[in-house]
Structure formats: C-alpha cells, structure tokens
Asks: 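Submitted below is the structure of interest, expressed as structure tokens.
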Amino acid sequence: MVTKTNMTEQMDQVIVDFTTIAIQTGGWMEMDRLYLYNRLKTMSGYSGELSQPVHAINANEAPELAAQLTECYFQKSKQDQVSEVERKQKLVDFLDLLTPPTSVVNALFAKYYAKSPKEATDYFYQLNKTTGTIQKEGELIDEPLFVDKAQFKACIVPDSAMEKAFDANYRFDMEGSCGVTTEEIHTNRRMIRMNLQGESYGFHYLSDEILAEEFTVIAEKEQSLSLHAKLSHLGRLVELFPHYFVATNNGNNQERVGDQYRGASDPLPIYQASTKFQCKLPFFPEVAVTALNWPVPVLRIQATNQHALLKTAEYVIKALQQGEQIGDANNSLHLATASKDVLLLARKSDSGHELYVAFHSEKTLTEVQALGAFGILVMPNASIADHKRFIQQLNGTFHTF
C-alpha cells in the first residue's frame, strides 16, 4: 500500500506503468500516452512530474496499480471517512480507463478468432483478469469424493460468493452500469456479442469463477426455450468454442433473467463415470447411448456426427420424460421415476461429440448449482463431510434407470 512518505516516488512509476498496460489492452495507442498521463494525474490527485522511464510490465499487475491510484486519490482528497462503495467506485473508474469499449473488444475478439477460437478466448480472458473483473471466490478441493462408483469434487465457498454467483449483473442492460452496492459496480465489465439462431446473446467470463475460465452466455431478451432450441444452441456453442464444455444453466434460481448457458475449460468428474449399460437404438445405429453409474440418472450420448447426436438426444429425452421404454429387447432404457427436468452438457472429445443428460427433480438440486449434477458441488460454508452426506442423499432420490 502506498504511504504518504513514499507517495511521490512511487506514484510516478505507478502512473507510467498503468498507462503502459492501458495501451497494451488495445483501447489506446502510444500517441495517447501523454493524454493518459494527464488523465491519471487528475483522477488520482497526483501533481508531481512524471520522469520514470517506460519499461515492460505484466498486465496482471493492473488491479494492484489501480488500488494504489485509488489510495493516492483518497489521501490527496483528505476524506476522513470513505465507504466501501466509494472506494470500489473509484477503483473501477481507474480500471475502466484501461478497458477498451465494447466495440473495440468485439473487433479484437473477432480478429483473434480468425486465427483460432482459443486465441480469441485467451485474449478476452486475459483482458478480464487485467481489468480486475475476475476474482476467484471458491476453492475446488483436489481430493475427489467417492460415493459408490461416482466421483465428485467439492467446492468450498462463502455465503457471499454463492449470492454473487446467482446475481443478475450479467444482463445486457447492466453493461457499463454502476449500482449502489460494491457487487453492482462493474463499469469495467465487457461482453462479446453473439448471434445464436437469430437471437442476441452475450458472452461473459464470470467475475466469481470457480472453474477455470468459467463463463456464461446470456440472452438479451428473457425467454423460455424449447428442448430443440437448447440442444441446437449447445451444438452451436461447442462448435464456436471447441475447447470448452457448455451446459444449460436452468438451476434453482429464477432471478437470473435470461441466463441460459454456462461453461468452462476444467474437466468434469462426469467424464470419468463408468458404464452401467449401453442402450442400442435401431433407428440411430451410429449413436451410442450409455447409462452411467451416477447418483442421479445420467446418459452419455456419443456420435461423430453432431446432427445425428442432437436428433437422437431430442428423441431419447422426450421418450423417457413421457414414461416410454426405448432400446431393443436386450438393452432397454426406462426412467424409473418420472422427471420433467433435464440438465444438458455438451463438449467435443477426441472421439467426436458428447452430450450428457441428467434427469433431475427440484429435490436433487435445491442446494447446488446446475453443475452439481455433473460432479461439481458448490454449497455455501459446507465441509467435506457435508458434501459427502449430500451425495449419499442423492443416491436415494431416484431409482435411476
């Protein structure tokens, strides 16, 4: 933290370094350096000369530099009492200065995407880290939780993180907005605009990420989607971002208006689930449908052709939800307990396309986020023992397949 005695010596270098990072992010050019110097001096209240040389600086240092500029401002303004909201607003004002506007961010994203999808997401993820919008809130426990033949992972988070994970601050109309609480101040947040089958969506990295590169894809308009539309969107998103998994996010919270999909780069425990039995469908011979050993009924549907996979998935889900039995005489599939709700997760694997379908009820997911069905449990202030008890309870919720 900058103190009054060393303020003059340090702030010179802080302003120079912060300006360098602002130029690196792509929103400014080298000819803007003097302009940025003067803006930062005015915003921070620093009146000294800038004589420090320009040197290479790690962009990840931007949040700390912004914190020092914020501290300088409040020391210079000699305010006796500063609220957390005031401090956060000033901090975000500095970070917003180095964040390119949405049009520039989207143009740069498209430029990198032309090279590869991963280069595009690497650029956008790094920008979010530089501008301080990504903050790790939870701790993913490395030791897996084994219950029967299922392997789960626990994530320990505070109550406050759970609340933020379900807020509505990723809506389109919240971009660039400034609220009245520290959680609502995010004028430095940007989104990538997308078009999914003629509908407008926005791609955000979560500020409270738990999994690596965790993101949400949110609709501009609140809407209720059919199973066919959700499957089509998942297929398209996996094609756009083949290095991520993408899942539906219709969990237990209904306040997150328009939030449709969630994804990340971390592998999920469900990928390693063992086979209970395979169901052969005469009308879809090129698609493998497998029931997995898991506390809740989960199917793994695999195919090399995505269209065939999605068509099969829609048929299987609707048939099972209607209480029908599918398959041949040797290996048939029937959902023992009726379930109208499904959670979907799509990804690309080495062998082709995969879709995981979890059948659930409100009882199974009242305490966890949607990814709990696929092995990532996120429960506020819960111990490892609490997580294990919850998984054991899941085993008794369904009679499975």
Side-chain angles (χ1 to χ4, degrees), residues 1-3 6-76 87-113 115 118-136 175-176 178 185-192 204-207 209 212-213 215:
M1 190 66 67
V2 178
T3 64
N6 61 15
M7 181 75 71
T8 301
E9 292 80 6
Q10 290 191 28
M11 289 312 300
D12 186 346
Q13 190 66 62
V14 167
I15 290 176
V16 171
D17 290 347
F18 194 82
T19 298
T20 299
I21 295 175
I23 294 171
Q24 289 175 1
T25 60
W28 304 91
M29 300 179 69
E30 186 61 38
M31 69 173 62
D32 299 314
R33 183 175 289 275
L34 180 59
Y35 169 79
L36 288 172
Y37 282 167
N38 289 326
R39 279 287 306 277
L40 290 170
K41 287 173 66 175
T42 300
M43 290 173 65
S44 65
Y46 177 70
S47 57
E49 295 296 325
L50 300 180
S51 58
Q52 295 297 323
V54 176
H55 64 94
I57 181 75
N58 189 327
N60 290 333
E61 295 184 30
E64 174 58 29
L65 296 175
Q68 295 184 44
L69 289 164
T70 301
E71 186 66 21
C72 176
Y73 167 78
F74 286 113
Q75 288 192 18
K76 292 292 185 180
R87 189 173 295 277
K88 176 70 178 293
Q89 181 58 70
K90 178 55 68 172
L91 174 69
V92 171
D93 284 345
F94 284 113
L95 291 170
D96 188 46
L97 188 65
L98 62 76
T99 311
T102 298
S103 58
V104 175
V105 172
N106 277 261
L108 289 172
F109 186 89
K111 177 182 176 182
Y112 286 112
Y113 193 91
K115 299 178 181 178
K118 191 171 187 312
E119 281 197 46
T121 55
D122 283 350
Y123 154 72
F124 190 50
Y125 185 74
Q126 180 58 51
L127 177 67
N128 278 264
K129 289 179 64 177
T130 299
T131 59
T133 56
I134 292 179
Q135 299 173 4
K136 202 92 170 178
E175 185 180 26
C178 180
I185 299 172
H186 42 71
T187 53
N188 57 323
R189 182 180 292 163
R190 303 292 185 266
M191 77 169 79
I192 300 300
H204 288 277
Y205 282 111
L206 297 186
S207 60
E209 71 165 9
E213 299 180 47
F215 64 87

Asks: Please identify each residue that fulfils side chain to side chain contact (heavy atoms under 4.5 Å, CB included) with Pro100, with sequence neighbours left out.
Replies: Thr25, Val104, Val105, Leu127
Asks: Kindly indicate, with the supporting measurements, whether the criterion side chain to side chain contact (heavy atoms under 4.5 Å, CB included) is fulfilled by Arg190 and Asn128.
Replies: CA-CA 8 Å; Arg190 303 292 185 266; Asn128 278 264; over 6 Å; no
Asks: Could you pull out all residues at least two apart from Arg33 that satisfy side-chain hydrogen bond (donor to acceptor under 3.5 Å, both in side chains)?
Replies: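 side-chain hydrogen bond (donor to acceptor under 3.5 Å, both in side chains) list for Arg33, sorted by chain: Thr20, Glu30, Tyr37.
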Asks: Could you measure the distance from the CD1 atom of Ile15 to the CZ atom of Phe94? Nearest 0.5 Å is fine.
Replies: 8.0 Å
Asks: Would you say Thr131's side chain and Leu95's backbone share a donor-acceptor pair under 3.5 angstrom?
Replies: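 Judged by distance alone, no pair lies under 3.5 Å.
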Asks: I'd like to know if the side chain of Asp17 reaches the main chain of Asn58, judged simply by a donor and an acceptor atom lying under 3.5 Å from each other, with no hydrogens or angles considered.
Replies: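 No; judged by distance alone, with no hydrogens or angles, the pair does not exist.
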Asks: So, using side chain to side chain contact (heavy atoms under 4.5 Å, CB included) as the criterion, who are the partners of Glu49 when residues are at least two apart?
Replies: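 In terms of side chain to side chain contact (heavy atoms under 4.5 Å, CB included), with neighbours along the sequence ignored, Glu49 is linked to no residue.
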Asks: Looking at Tyr112, I want to see if its OH is surrounded by more than 12 non-hydrogen atoms of other residues, nucleotides or ligands under 6.0 Å.
Replies: no
Asks: Find out whether Gln13 and His55 are in side-chain contact, i.e. whether some heavy atom of one side chain is under 4.5 Å from a heavy atom of the other.
Replies: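 Result yes, sub-4.5 Å side-chain heavy-atom pair found.
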Asks: State, yes or no, whether a side-chain contact exists between Lys115 and Tyr123 at a heavy-atom distance under 4.5 Å.
Replies: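 Not touching, per the 4.5 Å side-chain cut-off.
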Asks: State whether the side chain of Asp32 and the backbone N or O of Met29 hold a donor-acceptor pair below 3.5 Å, judged by distance alone.
Replies: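 Looks like yes, one N/O pair under 3.5 Å.
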Asks: Could you state the interatomic distance from OG (Ser44) to CD (Gln75), rounded to the nearest 0.5 Å?
Replies: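 Taking OG in Ser44 and CD in Gln75, the distance rounds to 11.5 Å.
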Asks: Taking the basic N atoms (NZ, or NE/NH1/NH2) and the acidic carboxylate oxygens, is any pair closer than 4.0 Å for Asp12 and Lys41?
Replies: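 The answer is no: the pair does not qualify as a salt bridge.
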Asks: Any idea which heavy atoms bring Cys72 and Tyr46 closest together, and the distance?
Replies: SG-CB, 4.2 Å
Asks: First locate atom OH of Tyr205, then atom CD1 of Ile192, and finally report the distance between them rounded to the nearest 0.5 Å.
Replies: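 Separation between the atoms: 9.0 Å.
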Asks: Would you tell me whether Gln126 and Asp122 have side-chain atoms, one donor and one acceptor, within less than 3.5 Å of each other?
Replies: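 No - no donor-acceptor pair under 3.5 Å links their side chains.
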Asks: Just verifying a value: how many Å separate Glu213 CD and Tyr125 OH, rounded to the nearest 0.5 Å?
Replies: 6.0 Å
Asks: List the atom of Phe18, the atom of Leu69, and the distance in Å for their closest heavy-atom pair.
Replies: CG-CD1, 3.8 Å
Asks: Can you give me the closest heavy-atom contact between Thr133 and Ser207, atom names plus distance?
Replies: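 Smallest interatomic distance, heavy atoms only, reads O-CB, 2.7 Å.
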Asks: Just how far is it from atom CE of Met11 to atom NZ of Lys76, taken to the nearest 0.5 Å?
Replies: 9.0 Å
Asks: Would you confirm whether Trp28, through its side chain, and Thr19, through its main-chain N or O, come within 3.5 Å as a donor-acceptor pair?
Replies: no
Asks: Supply the atom-to-atom distance Gln68 CD to Leu91 CG, rounded to the nearest 0.5 angstrom.
Replies: 11.5 Å
Asks: Does the side chain of Ile57 reach to within under 4.5 Å of the side chain of Gln24, using non-hydrogen atoms?
Replies: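 They are in side-chain contact.
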